[in-house]
Structures are given as C-alpha cells and as structure tokens.
Amino acid sequence: MSDKICGSIERVLDFLSRACIFIGSCLMAFMLAIFGWLVFGRYVLNDTPTWVEQLALVLVCYIVFLGAAAGIRENSHLGVTFIREGMPAPVRRVLRLVVDVALAGFGLLMFLSCLELVQFGLSTDLPMLNVPESVRTFPAAVCGALMFVFSSARIVGRLANVISNPDK
C-alpha cells in the first residue's frame, strides 16, 4: 500500500517538475516572439512597442524561477559536490540529507517572504503593462513552495531508505 502511495506522490512531483519546464519553455518561445515584434516595430514600422521590455522582464522571472524549482526536483541545481562525493558513504548520506534540509528551509523561507511581496505589490501597477507588481513576484513564491515540497519529498525518501536499509 505505501509503495502505491509513494509511487503516486513521485508521479505528481514529476508532473509538477515537467509542468515547470514546459511552462518555462513556452514562455521562452513567447519571449522570442515578442522580441521579434520589438525589432519589427522599431526598424520596419518605426514605432517601438515599449511594453515588450517590461513584459520580457516579467517573463524572465517566470522562466528563471520555474526552472530553478524544476532543477531542485531533477537534482540539477548548481552545487559543489566533489567534496561530498569523495567522503565515505555514511558521511555522504548525512551531507546529502543536510543539503536537502537546507534547501527545504530556504524554500519555505522564500515562499513565506515572497508571499509578503505578492501582497505588498497588489496595490502597485507595473509601468506600461497595467498589471499589479505582484505578477512579477508571484513566481518567486511558487518557486519557494515547490523547492520546499521537492526537497521535503527527497528528505522523506532518504529517511525511509535509511530506515528500510540501515546497512547501506
């Protein structure tokens, strides 16, 4: 029974990670298209669409933060691992757990702090886009929440593995 639950949770987490990558990829393609419109407007129509630069800044926030969250799940985030991997197996396991706990803590702190930014930005509009400033800070809150969820799942998995395989 617990294997079915664990498998279901892993599938949901994998889906969330793939969704982050898919959405980030679509936004990257959209950003390319609007920059094409910027160049066309500036050099062909001689009428620069000024909103493109502001929208591109918002899109970059979404692309970066969704990619960072997926990087935590895929274990492809930036890290210096050669020292940890050179340690004996028991020390390596502890260090991996410490890193996951630090990432989960950072993700939770990021989520809570960015929620305050989202609330604060509701009353201010972004120039040229006429949308709340919160649109720019929302992806950071989502990233923090996903970092917490992905790291916490990895912590539970590591602890379950230690409990079920104490000799490893």
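Between R18 and E74, no side-chain nitrogen of the basic residue sits less than 4.0 Å from a carboxylate oxygen of the acidic one, so the salt-bridge criterion is not met.
Looking at L59 and I34, their side chains come closer than 4.5 Å, going by heavy atoms from C-beta outward. Inter-residue side-chain proximity for L126 and L55 is flagged as unmet; no heavy-atom pair is nearer than 4.5 Å. The shortest distance between side-chain heavy atoms of F150 and L16 falls below 4.5 Å.
Between the side chain of R154 and the main chain of A104, no donor-acceptor pair closer than 3.5 Å is present. A donor-acceptor pair is defined here as one N or O able to donate and one able to accept, closer than 3.5 Å; no such pair exists between the side chain of R84 and the backbone of R92. Of the possible donor and acceptor atoms, one in the side chain of Y62 sits under 3.5 Å from a partner among the backbone N and O of V135. No side-chain donor-acceptor contact under 3.5 Å links T137 to the backbone of C114.
Cluster membership for L146 and L117, using ILVMFWY side-chain heavy atoms within less than 4.5 angstrom, is not shared. In terms of hydrophobic clustering, with Ile, Leu, Val, Met, Phe, Trp and Tyr side chains grouped at heavy-atom distances under 4.5 Å, Y43 and L32 are assigned to different clusters. V156 and I72 are assigned to two separate hydrophobic clusters, defined by single-linkage of ILVMFWY side chains at heavy-atom distances under 4.5 Å.
Within 6.0 Å of CZ on F120 lie no more than 12 heavy atoms contributed by other residues, nucleotides or ligands. Within 6.0 Å of CE in M28 there are 12 or fewer heavy atoms belonging to other residues, nucleotides or ligands.
The shortest non-hydrogen separation linking L13 to A153 is CD1-CB, 3.3 Å. Annotation for S151 and D100: closest pair CB-O, 3.6 Å, computed over non-hydrogen atoms. Heavy-atom minimum distance, S17 versus R73: CB-CG, 3.5 Å.
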